[in-house]
Amino acid sequence: MRIATWNVNSVRLRLDNTLAWLAERKPDVVCLQEIKCQDDQFPREAFEAAGYNVAVHGQKGFNGVAVLSRLPFDEVTNGLPGDDEDVQSRFIEVVVSRPGGGVVRICGIYLPNGNPPDTEKYPYKLAWMARLKAHIAARLELEEPLIVAGDYNVIPEPEDAAHPEMWVRDALFLPRTRAAFRAIETLGLTDAVRAASDEAGLYTFWDYQAGAWQKNNGIRIDHLLLSPQAADLLTGAGIDKHVRSWEKPSDHVPVWADFDIAA
DNA sequence: ATGGTTGCGGTGCAA
């Protein structure tokens, strides 16, 4: 089973790119972020025609997450628990049944950016991370294969940026952000890409501005974190960097992980 | 040199 995540930066504008990538990488489950549309604007039929079931948690204009799955959904839950006042669509959780029995649980997340840090946006990010940690801690008690995949808007370590000094005052790399990310990992989660490779220069995002792509000025902010039961089944992971060079690209590229699970 | 680009929605905001 191959599970992927991709911040597409508008699913409607990126539909052709997304379908081309699905045909190439053939993931079984895909978490999409920044779909930037409401549920009824999501191009559901195009993905169904490509063989995917569709779960959408949209929002007008920005944010919005979705999950595509070749296997049918047993459960779909929209929204991250812990704040009834939070109206931003940044979290979706699904459960799919494995053909041989058992389940896989997948959370698709679009963690708040948090910039500028001297505004209310940064405490919102930290509070969201605290809610995510609490939710994952509860889910880990189920002792299931769990994959929490998405745009974390966190640069975990200096080697996850081409120029870490550019990010020291940025909400993606501030010490409190990195500490909150480590606190989530310390619950017992495995970073799939880092488990598969310790090489430097692995990035998932290149800004549209200032020729960041041409200069390979990238950062690694899209992650798949695995419960112990999922990590035990991990067989590989990768980043589809070449997608950033396609026409009309997203500023993020897909990240995927393979598991020894029949699909 | 304090810039630059993209997307949504309809002009300023978010990233």
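Scope of the values below: all heavy atoms of this structure, side chains included, with no hydrogens, waters or symmetry mates. Treat the numbers as computed from the prediction; the structure is a model and nothing was measured.
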Check this one for me: any side-chain N or O of Lys60(A) less than 4.0 Å away from OP1 or OP2 of dC8(B)? no
What is the separation between atom CG on Asp251(A) and atom C1' on dG7(B), rounded to the nearest whole Å? 10 Å
Given Arg105(A), which partner from the list Glu144(A), Glu143(A), Glu141(A) fulfils the salt bridge (Lys or Arg N to Asp or Glu O under 4.0 Å) test? Glu144(A)
Going by atom types only, do Tyr208(A) and Asn9(A) share a side-chain donor-acceptor pair under 3.5 Å? yes
Along DNA chain B (nearest heavy atom to each residue), the more 5'-positioned of Val11(A) and Asn153(A): Val11(A)
On the 0 to 90° scale, with breaks at 30° and 60°, tag the Trp206(A)-Trp213(A) ring pair as parallel, tilted or perpendicular. perpendicular
Is it true that a side-chain atom of Thr177(A) and a backbone atom of Val154(A) form a donor plus acceptor pair closer than 3.5 Å? no
Report the distance from atom CG of Asn217(A) to atom C1' of dG4(B), rounded to the nearest whole Å. 12 Å
Tyr110(A) or Gln38(A), whichever maps to the more 5' nucleotide of DNA chain B: Gln38(A)
When the P atoms of dG3(B) and dG7(B) are compared, how many Å lie between them, rounded to an integer? 22 Å
Determine the interatomic distance between C1' on dG4(B) and the same-named atom on dA14(B); round to the nearest Å. 16 Å
What integer distance in Å separates Lys36(A):NZ from dA15(B):C1'? 7 Å
Rounded to whole angstrom units, what separation is found between the NZ atom of Lys248(A) and the P atom of dT6(B)? 7 Å
